[in-house]
There are 2 protein chains.
Amino acid sequence: MKIATWNVNSIRTRLEQVINWLGENSVDVLCLQETKVIDKDFPLNPFTELGYYPYIYGQKAYNGVALISRQPLEDVSMGFTAVLPDLDPQWDEQKRVISGVIDGVRIVNLYVPNGSAIGSEKYEYKLGWLKVLREYLQTLLLSNPEICMCGDFNIALEDIDINDKVKIENHIMASESERQALRDILSLGFADAFRKFNNEGGNYSWWDYRTAAFKRNLGWRIDHHYLTPVVYERAQSCIIDIEPRKLEKPSDHAPVIVEF
Amino acid sequence: MKIATWNVNSIRTRLEQVINWLGENSVDVLCLQETKVIDKDFPLNPFTELGYYPYIYGQKAYNGVALISRQPLEDVSMGFTAVLPDLDPQWDEQKRVISGVIDGVRIVNLYVPNGSAIGSEKYEYKLGWLKVLREYLQTLLLSNPEICMCGDFNIALEDIDINDKVKIENHIMASESERQALRDILSLGFADAFRKFNNEGGNYSWWDYRTAAFKRNLGWRIDHHYLTPVVYERAQSCIIDIEPRKLEKPSDHAPVIVEF
DNA sequence: GTTAGGCCTG
DNA sequence: CAGGCCTAAC
């Protein structure tokens with residue numbers, strides 16, 4: 001089973017690239033982030049014509065996630081509140097969470113808030129959001145021990161995940177509070193699929209559009225697949241496909257594919 | 001001597017097309033309209049690198065004209081008030097007029113207001129603007145008997161200049177008042193270079209972006225070269241080059257080239 | 001409808 | 001630098 005995660009930075013702008021990629025990389029589930037489109041305007045047909053089942057959870061202009069699955073998913077769930085009914089529904093105003101089950105594995109597709117600048121209101125939102133995510137996963141784990149949690153985490157857990165031109169000290173996506181919040185989540189029983197196979201630096205999944213960052217490989221590894229033990233043991237590979245980042249008008253993120 | 005006029009609908013968006021065209025069509029002066037950029041942001045280098053001298057007169061977002069000349073121009077003049085010092089300077093808030101002399105011929109490059117809808121405030125502005133233009137030309141003619149007045153006139157003088165899908169009756173760009181205003185100007189001693197060589201219909205210089213107008217050749221001939229007698233007599237050709245209109249992301253206007 | 005620029009966000 | 005939204009223009 002192959003699961004891919006890809007922040008496409010607008011599905012409508014990236015549609016042709018995503019469809020081409022899906023044609024050449026026949027993954028079982030493609031997890032999209034930053035679709036940036038309300039559900040009624042999501043381009044479903046190109047995916048159904050390829051034989052995929054799209055499950056979408058979007059909003060206008062910002063955020064938005066989707067699961068594109070080669071077979072129908074079971075128990076698809078949009079947002080936090082579907083799993084945490086007592087949660088303040090404000091946490092679902094931003095569409096950042098969608099999940100569904102395939103072959104007994106729950107795929108949790110996340111677009112973690114970026115956080116803007118350390119100490120900002122958005123940073124506090126990010127930390128709060130990660131606390132909610134932990135509760136959400138705790139609940140899911142009760143009925144779904146096999147989870148592949150993937151997406152754009154906007155967090156690089158280790159310094160090796162960040163190019164060394166960056167002053168990591170107190171940098172958004174690398175600050176201690178957000179790293180600790182993510183570690184708290186992983187402590188529920190998740191492990192990084194990519195690091196099962198690769199302990200090298202220089203492997204990134206996101207490169208800023210500015211300052212020719214991709215050409216100089218000044219990237220960050222912030223798109224992840226985190227697996228619960230049984231799935232982690234089964235995992236056979238996890239790779240970052242940087243080819244789409246080389247195209248004209250690319251997303252700033254590259255897809256990451258795990259096989260288990 | 002070859003003079004071209006081209007409403008490029010943003011020089012920054014069309015830069016590559018314009019530079020390519022200029023490389024393949026080595027005109028002596030290229031008159032641009034709707035550059036849509038303030039002078040400090042006008043891309044001068046691509047033109048100077050081709051050996052051209054750019055003279056620019058622009059504003060933010062709207063209008064803007066430029067003369068791109070293979071040799072330095074003499075007596076370059078921006079706006080109406082440079083020639084009509086007593087004129088209300090409000091007439092130069094919109095950057096629509098630039099002129100300069102080459103080999104004794106004054107090139108007057110114009111972007112005539114579109115006028116929006118008949119009877120609208122913008123329509124009245126167009127008619128007023130054309131009256132000012134007449135005064136401007138009268139003054140210029142005192143010292144420059146040889147004039148090539150060209151640009152986007154946003155007026156089709158004859159029904160033959162308009163595709164027959166258009167209800168010409170009271171259509172902007174074809175109404176009697178604006179046609180009469182233009183005829184009043186031409187009566188100063190200008191003749192249409194294009195009609196010296198071609199009396200056929202179906203020759204257009206502008207096609208609406210909508211309704212696949214170009215594919216169906218539903219255009220208008222609204223970009224003109226008007227010449228004073230000596231220049232008119234010397235004129236050897238006047239053609240509309242529709243090739244650029246076929247490109248991806250074209251301007252809605254095609255260049256018109258006169259040779260004299 | 002189609003294309004622009006400008007603004008705001010990442 | 002690259003999104004989408006807004007507005008204006010044609």
Side-chain angles (χ1 to χ4, degrees), chain A residues 7-15 17 33-38 41 58-64 94 96 111-117 120-123 125-126 152 154 172-173 206-216 218 220 222 245 247-253, chain B residues 7-15 17 33-38 41-42 58-64 94 111-118 120-123 125-126 152-156 166 171-174 205-216 218-220 222-223 245 247-253:
Chain A
N7 178 323
V8 290
N9 191 10
S10 168
I11 186 58
R12 285 179 293 182
T13 299
R14 219 70 59 207
L15 183 61
Q17 289 182 29
Q33 303 92 37
E34 284 208 86
T35 54
K36 291 187 172 179
V37 66
I38 52 176
D41 292 337
Q59 67 180 83
K60 190 163 107 171
Y62 301 106
N63 312 309
Q94 300 183 15
R96 298 177 173 275
Y111 175 47
V112 177
N114 170 277
S116 190
S120 68
E121 208 169 293
K122 285 174 182 161
Y123 182 72
Y125 182 82
K126 182 180 194 173
D152 175 2
N154 273 314
I172 190 68
M173 303 192 292
W206 173 79
W207 301 259
D208 201 313
Y209 283 123
R210 291 162 279 195
T211 64
F214 181 67
K215 245 176 84 174
R216 305 192 286 157
L218 300 182
W220 293 60
I222 57 178
R245 183 62 239 241
L247 300 173
E248 289 288 299
K249 292 229 147 223
S251 167
D252 42 354
H253 293 255
Chain B
N7 178 322
V8 290
N9 190 11
S10 168
I11 187 58
R12 286 179 293 181
T13 300
R14 220 70 60 208
L15 184 60
Q17 291 183 27
Q33 302 91 38
E34 285 208 85
T35 53
K36 291 187 173 179
V37 66
I38 52 175
D41 292 337
F42 191 103
Q59 68 180 82
K60 191 163 108 171
Y62 303 107
N63 311 310
Q94 299 182 16
Y111 175 47
V112 178
N114 170 277
S116 190
I118 294 170
S120 68
E121 208 169 292
K122 284 174 183 160
Y123 183 72
Y125 182 82
K126 182 180 195 172
D152 175 2
F153 284 76
N154 273 316
I155 298 173
V166 168
H171 195 295
I172 191 68
M173 302 192 291
S205 64
W206 173 79
W207 300 259
D208 201 314
Y209 283 124
R210 291 164 283 193
T211 64
F214 181 68
K215 244 175 87 172
R216 305 192 286 156
L218 301 182
W220 293 61
I222 58 177
D223 300 270
R245 183 63 239 242
L247 299 174
E248 288 288 298
K249 293 229 147 222
S251 166
D252 43 354
H253 293 254

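These numbers come from the heavy atoms of this one structure, side chains and all, not from hydrogens, waters or symmetry mates. Chain letters run A, B, ... following the sequence lines, proteins first, then strands; residues in each count from 1.
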Output all residues satisfying side chain to side chain donor-acceptor pair (under 3.5 Å) with B:Asp208, sequence neighbours left out; order by chain, then residue number. B:Arg210
Salt bridge (charged side-chain N to carboxylate O under 4.0 Å, His left out) with B:Arg216: which residues, sequence neighbours excluded? none
By ring pair (Phe, Tyr, Trp, His ring centres under 6.0 Å) - contacts of B:Tyr62 (at least two apart): none
Among A:Gln33, A:Glu34, A:Arg96, find the one that has a side chain to side chain donor-acceptor pair (under 3.5 Å) with A:Asn63. A:Arg96
Quick tally for nucleotides 4-10 of chain D: nucleotides whose base has a protein heavy atom under 4.0 Å get B, sugar-phosphate-only ones S, the rest -, giving SSS-SSB
Length of the line joining A:Leu247:CG and D:dA2:P, which is rounded to integer Å: 13 Å
Partner set under side chain to side chain donor-acceptor pair (under 3.5 Å) for A:Tyr209, not counting sequence neighbours: A:Asn9
Between C:dG10 (C1') and A:Lys126 (NZ): distance, integer Å: 12 Å
Figure out the CG/C1' separation between A:Asn7 and D:dA2, and round it to whole Å. 12 Å
Please report, rounded to the nearest Å, how far the P atom of C:dG1 is from the CZ atom of B:Arg216. 14 Å
Return the set of residues passing ring pair (Phe, Tyr, Trp, His ring centres under 6.0 Å) with B:Phe153 (not counting sequence neighbours), or none when no residue passes. B:His224, B:Tyr226
How close or far is atom C1' of C:dG1 from atom NZ of B:Lys249, stated in whole angstroms? 13 Å
Can you tell me how far P of C:dA4 sits from CG of B:Asp41, to the nearest Å? 17 Å
Please check the phosphate of D:dA2 (OP1 and OP2 only) for any side-chain N or O of A:Arg14 closer than 4.0 Å. no
